Every structure is written in structure tokens, then in C-alpha cells.
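A short worksheet on the structure shown next.
From a predicted model like this one, the values you see are computed outputs, not experimental measurements. Numbering of residues begins at 1 and proceeds along the displayed sequence.
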Amino acid sequence: MADIVDPEPGTVYLVGSGPGDPELLTVKGKRLLERADVVLHDRLPGPEILDGLSPERCEDVGKRAGGERTPQSEINERLVELAREGNSIVRLKGGDSFVFGRGGEEAEHLAEHGVPFEIVPGVTSATAAPAVAGIPVTHRDHASSLSVVTGHEDPTKSESAVDWEALAAVGGTIVVLMGVKRLPDYTDALLEAGMASETPVALVERATWSNQQVATGTLETIVGARDEVGIRPPAVTVIGEVAATRATVFEFLANETASETTATDGEV
């Protein structure tokens with residue numbers, strides 16, 4: 001077996017932490033976190049992962065009190081600065097940093113400035129969150145396609161780049177990341193595009209965390225279910241027939257800690 005090599009000085013490691021359970025962090029990601037000189041993280045890696053890091057090596061570049069966020073440009077510049085000082089840096093993101101995690105932007109910036117970097121994929125919440133809630137994103141009887149979209153686009157865009165009408169026509173499973181606040185907007189858009197109002201929908205909040213919550217309903221009722229359960233970000237939305245399979249397997253799920261409200265037929 002090859003010797004385990006320490007992280008290289010002056011290198012940035014773009015690491016996906018998975019959905020939050022530290023046991024779902026990859027072996028390589030864990031090793032890099034333990035040996036990095038500096039860890040730049042946001043708030044989406046699970047609390048058990050963040051609590052296991054030594055504070056003197058960590059920089060929180062996520063959302064701050066009062067709703068302020070560290071601008072992406074500042075994060076990019078900080079990565080270059082730390083690397084040029086000879087540090088080995090882990091840029092830690094929730095899920096997989098290349099699935100709506102701005103990992104691509106950071107990789108481009110590092111390449112433009114001649115900074116060595118390595119990509120360490122993580123378990124994406126797009127599939128992990130539904131799975132731990134008992135929902136397969138594909139199923140031979142229900143869905144042969146999977147579409148993953150963001151519910152939180154760049155606010156500078158003049159119009160949405162997500163074609164909800166096309167998604168409604170394709171069918172299958174639609175997974176929306178970062179879409180809690182805009183749930184009414186895109187459920188209405190799918191209904192207007194002709195998707196059936198009784199289409200099953202589930203929201204999975206803080207998947208794999210100790211305070212995981214799930215709300216289920218239909219396109220017509222899920223907003224009310226979200227409000228009754230009190231679903232807040234971060235959460236994943238699953239739209240399609242696969243969402244209904246949770247009801248079949250729910251009582252058999254190991255270590256199920258989720259609270260749940262089911263809304264159907266217009267009732268919450």
C-alpha cells in the first residue's frame with residue numbers, strides 16, 4: 001500500500017463534505033482536513049464535522065449574523081493569498097462543491113492565478129438527502145430521468161435560466177437545491193406548465209443531521225406543509241412520483257429522527 005502523503009504546501013483542495021454526517025465525509029477529505037494548515041468553510045458542512053476542526057486553523061467564510069455573506073471575490077482572493085504564503089488549504093463546502101457550490105468558479109480563479117489545486121468530490125445532497133429520507137431519485141416504476149436545478153440563482157440575472165416548462169414536460173424526478181424560500185414560485189411555475197397538482201413532493205431539511213426534518217405533500221399542498229413543519233434552509237426539494245415511495249419505507253428506516261407533516265388533497 002502506498003504511503004499516505006501530506007497535503008502539498010501552496011495547494012488548495014476543493015473538498016466536498018457530503019450532506020453533514022461525518023461518516024459520509026470521504027476518507028481523502030477527512031485526511032486533508034486533519035492535515036491542512038488552513039480550512040476555509042461555510043455553514044453547510046455538518047456541525048459534527050466543523051466541531052471536529054481546530055478553531056485556530058479555520059476561517060468561516062459563510063453567512064454571518066444579520067444575513068451578511070462573504071463575497072465570492074473575497075474568498076477567491078483569500079485562497080490565492082494563503083496558497084502564496086505556502087499553506088496547504090482545504091476549501092470545505094457542503095455536499096459536492098461542483099454541484100451548485102461555486103467550486104467551478106474557485107477552480108477557474110485558482111487556475112488563472114497559477115495556484116495548484118485539487119478537486120475532492122463529495123456526496124452530493126441532491127441524491128443523499130432524498131435517500132436518507134427514504135426517497136430514491138430514480139425508480140424503474142416511477143422515474144427514468146433526474147433533473148437537478150437550483151432554486152437560488154444569481155440575483156443579478158435578468159431572468160431565470162431554469163426552464164420550468166421544459167422540466168414539467170420531461171417529467172421524471174426534479175430535485176431543487178436551495179429552493180425553500182422560492183418554493184411557491186417554482187411549484188406555481190410547474191403547475192402553470194401543466195404538471196399535475198397531485199404530483200408528490202417532499203422537502204428534506206438538514207439531511208443526516210440530528211435535527212433532520214421532512215415535509216411531504218403535493219405540488220398543490222407542499223407550501224402549506226413546509227410552513228407547518230417549519231422547514232428552513234438548507235433543504236432539498238424532491239418533485240415527482242418517487243417522493244411518494246417514502247410512505248412505504250418510512251417506518252423501516254434505521255435511526256429515523258425526522259419530524260414529518262404530510263399534506264394531501266388540499267389539507268395541511
Side-chain angles (χ1 to χ4, degrees), residues 16 18-20 24 44 94-96 98-101 121-153 160-208 212-226 229 231 233-250 252-253 256 258 260-265:
L24 295 178
L44 290 180
D96 183 290
F98 272 44
V99 182
F100 299 119
V123 177
T124 175
S125 60
T127 55
V132 298
I135 301 169
V137 292
T138 62
H139 191 294
R140 283 198 304 174
D141 296 332
H142 304 298
S144 298
S145 66
L146 169 63
S147 302
V148 181
V149 299
T150 177
H152 183 70
E153 296 186 85
S160 174
V162 179
D163 189 337
W164 296 104
E165 186 172 352
L167 289 172
V170 168
T173 302
I174 303 170
V175 171
V176 185
L177 303 183
M178 302 173 289
V180 175
K181 292 182 180 179
R182 296 187 179 180
L183 181 66
D185 298 331
Y186 59 82
T187 51
D188 283 349
L190 290 170
L191 288 168
E192 290 174 7
M195 186 170 279
S197 60
E198 65 271 18
T199 301
V201 182
L203 286 167
V204 186
E205 176 190 348
R206 301 181 188 276
T208 78
Q212 174 181 312
Q213 293 195 114
V214 179
T216 60
T218 66
L219 269 183
E220 191 171 49
T221 64
I222 192 61
V223 173
R226 175 202 65 180
V229 174
I231 298 291
V236 172
T237 309
V238 189
I239 303 169
E241 294 301 321
V242 293
T245 64
R246 173 175 165 81
T248 306
V249 302
F250 174 75
F252 297 99
L253 290 176
E256 176 62 62
E260 176 178 13
T261 286
T262 300
T264 56
D265 299 328

**Study point:** Pairing residues for P130 by the side-chain contact (heavy atoms from CB on, under 4.5 Å) criterion, not counting sequence neighbours
**Key:** I135, V137, V236, V238
**Study point:** Spacing of NZ belonging to K181 relative to CD1 belonging to I231, to within rounding of 0.5 Å
**Key:** 14.5 Å
Revision key, fill the gap. Across all chains, not counting sequence neighbours, the side-chain contact (heavy atoms from CB on, under 4.5 Å) partners of S147 are L167
Check your understanding: Is Y186 close to I174 at the side-chain level, that is, under 4.5 Å between some pair of heavy atoms?
Key -> no
Point to revise | side-chain hydrogen bond (donor to acceptor under 3.5 Å, both in side chains) involving T208 - partner list, sequence neighbours excluded | key: none
Show me the donor-acceptor pairs within less than 3.5 Å that the side chains of residues 195-204 make with the rest of the protein, sequence neighbours left out.
unit_1 : atom_1 : unit_2 : atom_2 : d
T199   : OG1    : A196   : O      : 2.7

Check your understanding: Given side chains that start at C-beta, do those of R206 and P233 come closer than 4.5 Å, heavy atoms only?
Key -> no
Check your understanding: Side chains of V175 and L146: does their closest heavy-atom pair fall under 4.5 Å?
Key -> yes
Point to revise | Identified side-chain contact (heavy atoms from CB on, under 4.5 Å) counterpart of W164 within the set T187, D185, L190, D188 | key: L190
Check your understanding: Would T221 and T218 count as having a side-chain donor-acceptor pair, cut-off 3.5 Å?
Key -> yes
Practice item. Mind jotting down which residue pairs meet the side chain to side chain donor-acceptor pair (under 3.5 Å) criterion with at least one end in residues 123-144? Sequence neighbours excluded, please. Key: none
**Study point:** Which residues share a ring-ring contact (aromatic ring centres under 6.0 Å, His included) with F100, sequence neighbours left out
**Key:** none
Check your understanding: Got a second to check how far T173's OG1 is from I239's CD1, nearest 0.5 Å?
Key -> 10.0 Å
Review point. Do P19 and V132 come close enough that some side-chain heavy atom pair is under 4.5 Å?
Key: no
